[in-house]
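In what follows, every heavy atom counts, from backbone to side chain, and hydrogens, waters and symmetry copies are set aside. From a predicted model like this one, the values you see are computed outputs, not experimental measurements.
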Amino acid sequence: MTTAADGPRLADLATLFADATRATFCLALLDGRAWTAGELARAAGVAPSTASDHLNRLVRGGLLVEQRQGRHRYLRLAGPAVAQLVEDLAGHAPPAPRPTRSLRAATTDAALAHARTCYDHLAGRLGVRLRDALFARGLLDATHGLALTPGGRAWLTDVGVPVDPPAGRRPLLRDCLDWTERRPHLAGALGAALCRRFAELGWTAPGAGRSVRVTPAGVAALADTLGLHPADLTPPVRDTGGGRA
């Protein structure tokens, strides 16, 4: 049970995020991959020595884990709970000013906002629409907390997604506040399983960075099985004629 005596520990955790470089590292690692220290340094625009100091703090604080392979040092988020925390914090942060962007940068931003992975589950407009569709079809219910309905279990079986309770402490279902849509998408073990299964079926494919694109087969399947509109499954065309994204 958490009490007021845990205040110092909470303050220590908040301090780990209270630096733009460390926050950038955590956001980059939401793609679920292990990054080298050099890759993270370049992503944050800092010197390798500066990156090393910040990464050491994140490892000591339990937010990152590291693995040495040869002369390379690989780092990743410590697990789904940390990824959830990072995404939730990003969702509560105020929107950033929208600077003038190149066409390429605007296209990348639009792809990420439309569909991306949040560690190991689907996020962005696609993730939010998927959660909405599961509720609309009566496959999820929130009357007594987020839960699968019998119809939801049957649909998952048809799609080939296991619905047994996960091993360990990770919940089967959990909402995750989406930082671009400002509404929840589906996380937890089931959210991760759906993300994996859609990729296995060829319904989704990797895009640039951690963006995801829905394939033509995925558009047809998700429209048929969940009633998702094709317009919700493809990124919008960005008009950058005015110089702003």
Side-chain angles (χ1 to χ4, degrees), residues 27-33 80 83 87 90-91 101-140 146 148-149 151-163 172-241 244-245:
L27 289 170
L29 290 167
L30 278 177
D31 68 358
R33 298 184 299 118
E87 185 83 0
R101 308 283 281 168
S102 68
L103 177 59
R104 181 175 181 179
T107 301
T108 299
D109 288 350
L112 284 171
H114 170 68
R116 64 184 182 275
T117 53
C118 172
Y119 191 60
D120 61 0
H121 54 272
L122 293 170
R125 181 183 175 94
L126 174 64
V128 170
R129 293 294 186 272
L130 175 63
R131 180 185 180 278
D132 289 346
L134 292 171
F135 272 103
R137 289 288 174 115
L139 308 183
L140 290 181
L146 199 58
L148 277 171
T149 66
R153 291 181 174 273
W155 179 78
L156 289 170
T157 299
D158 289 342
V159 175
V161 175
V163 294
L172 179 66
L173 292 164
R174 184 172 180 178
D175 278 337
C176 181
L177 180 63
D178 195 278
W179 65 268
T180 51
E181 293 291 307
R182 306 288 165 150
R183 296 180 56 217
H185 58 248
L186 191 64
L190 181 57
L194 284 172
C195 184
R196 287 194 304 271
R197 186 57 178 157
F198 287 2
E200 292 169 354
L201 292 170
W203 294 0
T204 60
R210 62 185 178 107
S211 68
V212 173
R213 60 182 179 84
V214 182
T215 66
V219 171
L222 292 172
D224 179 53
T225 63
L226 290 178
L228 284 165
H229 194 281
D232 289 329
L233 301 173
T234 54
V237 176
R238 305 280 292 189
D239 179 7
T240 57
R244 297 184 68 85

Side chain proximity check, D158 to T225, heavy atoms < 4.5 angstrom
no

Using only atom types and a distance under 3.5 Å, with no angle test, would you say the side chain of T149 pairs donor to acceptor with the backbone of G152?
yes

Euclidean distance, D31 CG relative to L112 CG, rounded to 0.5 Å
10.5 Å

Kindly compute the distance separating SG (C176) from CG (L122), expressed to the nearest 0.5 Å.
11.5 Å

Name of the residue among H185, R183, R131 meeting side-chain hydrogen bond (donor to acceptor under 3.5 Å, both in side chains) with D175
R131

Any donor-acceptor pair under 3.5 Å from R210 side chain to T117 backbone:
yes

Please give me the minimum heavy-atom distance between A217 and G202, naming the atom from each residue.
CB-O, 4.3 Å

R197 side chain to V159 main-chain N or O, any donor-acceptor pair under 3.5 Å?
yes

Here the ring pair (Phe, Tyr, Trp, His ring centres under 6.0 Å) pairs for residues 211-231, sequence neighbours left out, are none

A208 versus S211, closest heavy-atom pair with distance:
O-OG, 2.6 Å

Rounded to the nearest 0.5 Å, how far does CZ of R125 lie from CG of L233?
9.0 Å

Which pairs pass ring pair (Phe, Tyr, Trp, His ring centres under 6.0 Å) with one or both residues in residues 189-214, sequence neighbours excluded?
F198-W203

A side-chain contact here means heavy atoms from C-beta on lying under 4.5 Å apart; do L194 and L156 qualify?
yes

Reported NE2-to-CZ distance for the pair H114 and R129, which is rounded to 0.5 angstrom
10.0 Å

Is there a side-chain contact between T215 and T204 (heavy atoms, below 4.5 Å)?
no

Heavy-atom closest pair (R116 atom, T180 atom, distance to 0.1 Å) is NH1-OG1, 3.1 Å

Taking every non-hydrogen atom, the tightest pair across V161 and A193
CG1-CB, 3.7 Å

Is there side-chain contact between D232 and L222, with heavy atoms separated by less than 4.5 Å?
no

How long is the span from the CG atom in D120 to the CG atom in L30, to the nearest 0.5 Å?
10.5 Å

So how far is it from L130 CG to L134 CG, rounded to the nearest 0.5 Å?
4.5 Å

Where do V128 and P184 come nearest, in terms of heavy atoms and distance?
CG2-O, 3.7 Å

Any idea which heavy atoms bring L186 and H121 closest together, and the distance?
O-CD2, 3.5 Å

